[in-house]
Amino acid sequence: MVTESETRVIDPEFAFYGPMGFDIGAVIGNLLMSYLASAGHERSTGERRSFEGWVLETIDSVWREFARKFVALWRTEAKGDAYPGALFAGEAGAARLETERQAYMQRLFEDTVGFSAAKIIRRILGLAHNIDFELIEDTRLRAICEARSLRLARAMMVETAKFPTIGAVTKAAREVRDWQPDFCG
């Protein structure tokens, strides 16, 4: 944050070179929290379903557009040394490179799922809480929304293989949306 008279650094712990899945995972994690906190802000049953649908569509679009643009740039602008063209000469080489692109994107997605889960867990159990939950006035309802989010995050982190696509992530979010934790009985 810069003004004419001063410069301030906020959250410097996040300024680093690291896995790309961290950044895209943070975006998706925050969107998932917004989706799962939404029920806590309802004044009447179902009034926020349209918003929730939009959030899930946005999660899907964020990943799909990121992946599409990333691979397109890789195909047209690759100038680095990680995948030198000499290793992928000819038609067979081009096919091998495309196979590697798809495998790389799957690994990047797995990282994204894990980092998204970590973001959710950190924002609920850590010191920097998420305002979507904090503004739910009914503490019992807030706890339910947080429990749903933690349930999803745990599955995403521990059972990552169950989330091979962004559609699997949004499907799991839909499924946990109305789950009732044991402390609700």
Side-chain angles (χ1 to χ4, degrees), residues 1 8 10-11 13-14 19-72 105-106 108-185:
M1 299 176 74
R8 293 189 184 233
I10 60 168
D11 296 335
E13 68 272 22
F14 299 117
M20 284 188 290
F22 178 86
D23 293 315
I24 193 77
V27 172
I28 291 171
N30 279 304
L31 288 168
L32 286 168
M33 285 185 282
S34 179
Y35 171 75
L36 291 167
S38 180
H41 298 283
E42 283 186 334
R43 290 179 300 276
S44 63
T45 303
E47 77 172 346
R48 297 182 58 94
R49 292 296 180 157
S50 176
F51 167 75
E52 292 168 4
W54 174 84
V55 172
L56 292 177
E57 289 172 16
T58 300
I59 292 167
D60 188 77
S61 294
V62 164
W63 172 256
R64 289 186 193 278
E65 278 301 297
F66 166 78
R68 185 189 67 75
K69 288 179 182 179
F70 183 86
V71 171
M105 292 307 293
Q106 188 57 43
L108 178 55
F109 183 71
E110 290 168 7
D111 285 351
T112 298
V113 169
F115 282 115
S116 179
K119 171 64 91 172
I120 293 167
I121 293 166
R122 183 183 75 80
R123 294 299 300 272
I124 293 172
L125 301 179
L127 297 176
H129 291 192
N130 180 295
I131 196 72
D132 292 329
F133 296 115
E134 293 297 303
L135 290 178
I136 299 172
E137 293 178 11
D138 180 334
T139 57
R140 183 178 176 282
L141 187 52
R142 180 184 322 138
I144 291 169
C145 292
E146 289 176 339
R148 290 171 178 160
S149 298
L150 291 169
R151 183 180 182 92
L152 176 62
R154 182 195 182 281
M156 290 168 62
M157 187 172 283
V158 175
E159 304 170 272
T160 307
K162 290 185 176 180
F163 301 93
T165 65
I166 195 65
V169 172
T170 56
K171 180 178 184 271
R174 275 187 195 90
E175 290 170 355
V176 79
R177 160 61 169 81
D178 296 316
W179 171 75
Q180 292 298 313
D182 289 341
F183 64 80
C184 292

Closest approach of [X] to [Y] (non-hydrogen atoms, all atoms of both residues):
{"X": "Pro181", "Y": "Ile144", "value": "CD-CG2, 4.0 Å"}
{"X": "Phe163", "Y": "Ala172", "value": "CE2-CB, 3.5 Å"}
{"X": "Ala39", "Y": "Leu141", "value": "O-CD2, 4.2 Å"}
{"X": "Gly21", "Y": "Leu108", "value": "N-CD1, 3.5 Å"}
{"X": "Ile121", "Y": "Ala153", "value": "CG1-CB, 3.7 Å"}

For Arg43, what residues pass the side chain to side chain donor-acceptor pair (under 3.5 Å) criterion, not counting sequence neighbours?
->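 Scan of Arg43 (side chain to side chain donor-acceptor pair (under 3.5 Å), adjacent residues dropped) gives none.
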
Under the side chain to side chain donor-acceptor pair (under 3.5 Å) test, residues paired with Glu42 that sit two or more places apart =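 Expected list: Arg177.
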
Would you give the length of the straight line joining atom [atom1] of [X] to atom [atom2] of [Y], rounded to the nearest 0.5 angstrom?
{"X": "Asn30", "Y": "Ile120", "atom1": "CG", "atom2": "CD1", "answer": "8.5 Å"}
{"X": "Arg151", "Y": "Arg154", "atom1": "CZ", "atom2": "CZ", "answer": "9.0 Å"}
{"X": "Thr170", "Y": "Glu175", "atom1": "OG1", "atom2": "CD", "answer": "10.0 Å"}
{"X": "Ile24", "Y": "Phe115", "atom1": "CD1", "atom2": "CZ", "answer": "13.0 Å"}
{"X": "Leu152", "Y": "Tyr35", "atom1": "CG", "atom2": "OH", "answer": "10.0 Å"}

Can Glu146 and Arg142 be counted as an ion pair, charged N to O under 4.0 angstrom?
->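 Between Arg142 and Glu146 there is no salt bridge, as every charged N stays at least 4.0 Å from the carboxylate O atoms.
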
SB check Asp178 Arg49 (cutoff 4.0 Å) =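 Arg49 and Asp178: salt-bridged.
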
Among Val62, Val55, Leu56, Asp60, which residue meets the side chain to side chain contact (heavy atoms under 4.5 Å, CB included) test with Thr58?
->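 One option only clears the test, and that one is Val62.
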
Between the side chain of [X] and the main-chain N/O of [Y], is any donor-acceptor distance below 3.5 Å?
{"X": "Gln106", "Y": "Pro164", "result": "yes"}
{"X": "His41", "Y": "Phe133", "result": "no"}
{"X": "Ser38", "Y": "Ser34", "result": "no"}
{"X": "Ser44", "Y": "Glu47", "result": "no"}
{"X": "Arg148", "Y": "Trp179", "result": "yes"}

Do the non-hydrogen side-chain atoms of Val71 and Phe66 ever get within less than 4.5 Å of each other?
->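 Side chain of Val71 against side chain of Phe66, heavy atoms only: no contact under 4.5 Å found.
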
Taking C-beta and beyond as the side chain, do Val169 and Phe109 meet within less than 4.5 Å on heavy atoms?
->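 Counting from C-beta outward, Val169 and Phe109 do come under 4.5 Å.
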
Pairs touching residues 110-130 that satisfy side-chain hydrogen bond (donor to acceptor under 3.5 Å, both in side chains), sequence neighbours left out |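 Every side-chain hydrogen bond (donor to acceptor under 3.5 Å, both in side chains) pair that includes a residue of residues 110-130, provided the two are not neighbours, is His129-Glu134.
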
side-chain contact (heavy atoms from CB on, under 4.5 Å) between Ser149 and Ile124, intermediate numbers included | CA-CA 9 Å; Ser149 298; Ile124 293 172; 3.5 Å; yes

Within 6.0 Å of CD in Glu65, more than 12 heavy atoms from elsewhere |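 Counting other residues, nucleotides and ligands, CD of Glu65 exceeds 12 neighbours.
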
